Engineer: 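What follows is a structure written as structure tokens; I'll ask about it next.
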2 protein chains.
Amino acid sequence: MSSRSPKTALFGHFAAVAKSLAHAHRLELLEQLAQGERSVEVLAERTGLAVANASQHLQRMRRAGIVASRREGKFVFYALADDAVLGLLSGLRRIAERNIAEVDQVIRSYFNHRDSLEAVSRKELMQRAGAVTILDVRPADEFALGHVPGAVNIPLRELEARLAEFDPAQEIVAYCRGAYCVLSYEAVATLRARGFKVRRLEDGLPEWRAAGLPVATG
Amino acid sequence: MSSRSPKTALFGHFAAVAKSLAHAHRLELLEQLAQGERSVEVLAERTGLAVANASQHLQRMRRAGIVASRREGKFVFYALADDAVLGLLSGLRRIAERNIAEVDQVIRSYFNHRDSLEAVSRKELMQRAGAVTILDVRPADEFALGHVPGAVNIPLRELEARLAEFDPAQEIVAYCRGAYCVLSYEAVATLRARGFKVRRLEDGLPEWRAAGLPVATG
DNA sequence: TCAATATTCAATTATTCCATTGAATGATGT
DNA sequence: ACATCATTCAATGGAATAATTGAATATTGA
């Protein structure tokens with residue numbers, strides 16, 4: 001083990017970091033963690049994993065240094081260990097999108113491809129602040145932990161019932177958890193069917209935060 | 001397989017990309033590929049792997065979309081599929097350095113930690129071009145495929161014998177393949193012992209190229 | 001102290017991954 | 001067509017990984 005060359009030893013550790021990302025369930029856990037810290041139980045429930053299983057995946061990621069945990073009473077809260085983790089995740093996404101034909105297929109058939117191409121950039125949204133309605137379709141608790149300043153929170157399931165809240169004259173920009181959070185795609189589809197002018201925001205809140213843009217809470 | 005939700009399917013593909021990075025040998029192959037395209041045989045030799053083994057690792061990375069291959073006569077040349085791969089690798093490095101104590105340990109004991117902290121940035125080197133001697137300690141063939149403009153190529157093993165070529169009055173900036181390429185550390189140590197003023201360049205040639213800076217060939 | 005709850009641990013089975021070996025394929029030049 | 005060389009394939013045994021189960025630990029509040 002320690003008889004390897006220092007470079008090989010380092011590469012072994014780097015590989016361990018990559019390994020800790022190399023599982024669909026762990027990526028789902030990370031997507032949740034990108035929203036903010038969460039307890040094991042909540043993470044397990046949101047990802048549909050057994051608690052013990054989620055716990056083991058989380059521990060593995062902790063050993064690799066990509067998440068951190070803190071205990072508070074009976075609960076253990078996990079969070080991303082480093083801002084660079086988001087960068088890694090978007091790197092994986094980018095490579096898969098560009099170089100794996102099947103990924104392109106899935107995106108084209110399940111996510112409206114034009115919506116992702118025509119997404120509003122963060123910069124553009126900042127410039128047009130006030131002139132557009134910003135719609136956050138995530139659950140209320142995630143909204144409370146942080147959202148784009150000025151955004152209205154209407155979780156997707158309430159959207160149909162609350163259409164009256166929108167000004168038909170104003171363009172709507174919808175966002176949710178990240179690039180592949182289906183919620184914002186569905187919101188765009190729903191609103192567009194009602195005649196609203198809607199576009200998606202590129203990526204989601206975690207990337208907004210990572211870009212150093214202001215985040216409102218409460 | 002295709003009965004999963006589209007998001008789960010995508011995450012599975014992203015995980016496959018991460019998996020293709022998740023092995024020390026594959027990272028070593030990628031470090032080589034970052035220098036430029038290479039045949040299977042050369043890659044196997046430089047990484048110390050059996051040819052069949054190297055071939056299988058390379059194929060696995062190709063399936064994941066992080067490398068690409070082209071055939072030329074009897075040879076198959078592999079190359080990085082995407083510039084984003086370098087970004088992923090540096091992300092892995094960064095997370096490991098910051099969050100895994102053992103990595104910090106290895107760096108401190110084997111690589112002179114001050115040398116990595118005091119590395120010359122690419123920007124600084126560009127500004128001081130002409131006022132410093134730029135030393136490329138990689139093998140001649142890698143140098144020929146691309147190097148920092150104005151750099152002198154003295155492979156590490158020839159360094160002791162060619163000390164006379166340096167102007168003692170000028171500061172030397174040494175670089176090689178990347179952040180953990182031992183060559184440049186050793187070059188710095190050797191030259192410093194002879195009284196030269198030397199520092200390392202941050203990272204190596206692949207990162208220089210990725211930053212969009214000019215590269216000379218021949 | 002005891003019961004309840006959140007998390008982790010330990011042990012099991014099934015699966016996937018890895019290195020090695022030797023044979024097969026594909027391309028070149030004679 | 002043949003010999004040669006680079007690469008890939010296929011099969012093997014051994015190691016690591018994953019999901020499940022049930023038990024163990026730690027913290028809280030009664």
Side-chain angles (χ1 to χ4, degrees), chain A residues 1 3-4 8-9 11-30 32-33 37-64 66-79 141, chain B residues 1 3-4 8-9 11-30 32-33 37-64 66-79 141:
Chain A
M1 193 63 158
S3 66
R4 299 181 301 173
T8 306
F11 279 16
H13 288 292
F14 300 163
V17 175
K19 259 183 206 157
S20 75
L21 297 169
H23 194 290
H25 288 166
R26 290 198 282 271
L27 293 178
E28 297 207 39
L29 289 167
L30 290 172
Q32 289 295 327
L33 291 174
E37 69 171 11
R38 300 226 183 298
S39 71
V40 176
E41 191 178 36
V42 169
L43 288 166
E45 193 233 312
R46 303 227 176 169
T47 54
L49 297 175
V51 174
N53 195 7
S55 173
Q56 304 197 97
H57 281 301
L58 290 165
Q59 286 175 72
R60 175 151 201 180
M61 292 195 279
R62 185 174 54 196
R63 263 177 267 130
I66 66 175
V67 305
S69 64
R70 76 186 172 83
R71 174 147 219 148
E72 188 177 308
K74 289 195 282 202
F75 301 87
V76 174
F77 290 95
Y78 280 86
D141 63 326
Chain B
M1 193 64 159
S3 67
R4 299 181 300 176
T8 308
F11 279 16
H13 287 293
F14 300 163
V17 174
K19 257 184 207 154
S20 74
L21 297 170
H23 194 290
H25 288 165
R26 290 198 282 270
L27 293 178
E28 296 207 38
L29 289 166
L30 289 172
Q32 288 295 326
L33 290 174
E37 68 170 11
R38 301 227 183 298
S39 70
V40 177
E41 190 178 37
V42 168
L43 288 165
E45 192 233 312
R46 303 227 176 166
T47 53
L49 298 175
V51 174
N53 195 8
S55 173
Q56 304 199 92
H57 281 302
L58 289 165
Q59 286 175 72
R60 176 156 196 171
M61 293 193 279
R62 186 175 52 196
R63 264 178 268 130
I66 67 174
V67 305
S69 65
R70 78 186 169 84
R71 176 148 218 148
E72 188 176 310
K74 289 196 283 202
F75 300 88
V76 174
F77 289 95
Y78 280 85
D141 61 328

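The structure displayed is predicted, hence computed values, not measured ones. Below, read A as the first sequence line, B as the second, and so on, with proteins coming before strands; counting in each chain starts at 1.
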Engineer: Please check this pair: side chain of A:R71 against backbone of A:G73, looking for a donor-acceptor N/O pair closer than 3.5 Å.
Structural biologist: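 Looks like yes, one N/O pair under 3.5 Å.
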
Engineer: By the side-chain hydrogen bond (donor to acceptor under 3.5 Å, both in side chains) test, which pairs, at least two apart or in different chains, include something from residues 40-55 of chain A?
Structural biologist: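 For residues 40-55 of chain A, and leaving out neighbouring residues, the side-chain hydrogen bond (donor to acceptor under 3.5 Å, both in side chains) pairs sorted by first residue read A:R46-A:D141, A:R46-A:E142, A:N53-A:H57, A:S55-A:Q59.
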
Engineer: Base, sugar-phosphate alone, or nothing: which one does A:Y78 contact when heavy atoms must sit under 4.0 Å apart?
Structural biologist: sugar-phosphate

Engineer: Between protein and nucleotides 15-26 of chain C, map the contacts as a letter string: B base, S sugar-phosphate only, - none, heavy atoms under 4.0 Å, written 5' to 3'.
Structural biologist: --SSSBB-----

Engineer: Go through the structure and list residues passing side-chain hydrogen bond (donor to acceptor under 3.5 Å, both in side chains) with B:R60, not counting sequence neighbours.
Structural biologist: none

Engineer: Does the side chain of A:L29 reach to within under 4.5 Å of the side chain of A:L49, using non-hydrogen atoms?
Structural biologist: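 Yes; the side chains approach each other to less than 4.5 Å.
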
Engineer: Quickly work out the A:R70 CZ to C:dT8 C1' distance and round it to whole Å.
Structural biologist: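 Spelled out: CZ on A:R70 to C1' on C:dT8 is 18 Å.
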
Engineer: With a 3.5 Å distance limit and no angle check, can you tell me whether B:R70 reaches the backbone of B:F77 through a side-chain donor-acceptor pair?
Structural biologist: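 Checked: no pair found.
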
Engineer: Tell me the interatomic distance from B:E41, atom CD, to C:dT28, atom C1', rounded to whole angstroms.
Structural biologist: 15 Å

Engineer: Quick check: do A:L30 and A:M61 have side-chain heavy atoms less than 4.5 Å from each other?
Structural biologist: yes

Engineer: How many Å lie between CZ on B:F77 and C1' on D:dT8, as a whole number?
Structural biologist: 17 Å

Engineer: On the nucleotide D:dT8, are OP1 or OP2 found under 4.0 Å from the side-chain N or O atoms that B:S55 carries?
Structural biologist: yes

Engineer: Rounding to a whole Å, what distance do you find between B:E72:CD and D:dC5:C1'?
Structural biologist: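 Value for this atom pair: 16 Å.
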
Engineer: Please report, rounded to the nearest Å, how far the P atom of C:dC9 is from the CG atom of A:L58.
Structural biologist: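 Spelled out: CG on A:L58 to P on C:dC9 is 12 Å.
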
Engineer: In whole Å, what is the span from the CZ atom of B:F75 to the C1' atom of D:dA6?
Structural biologist: 7 Å

Engineer: Rounded to the nearest Å, what distance is computed from the CD atom of residue B:Q59 to the P atom of nucleotide D:dA6?
Structural biologist: 17 Å

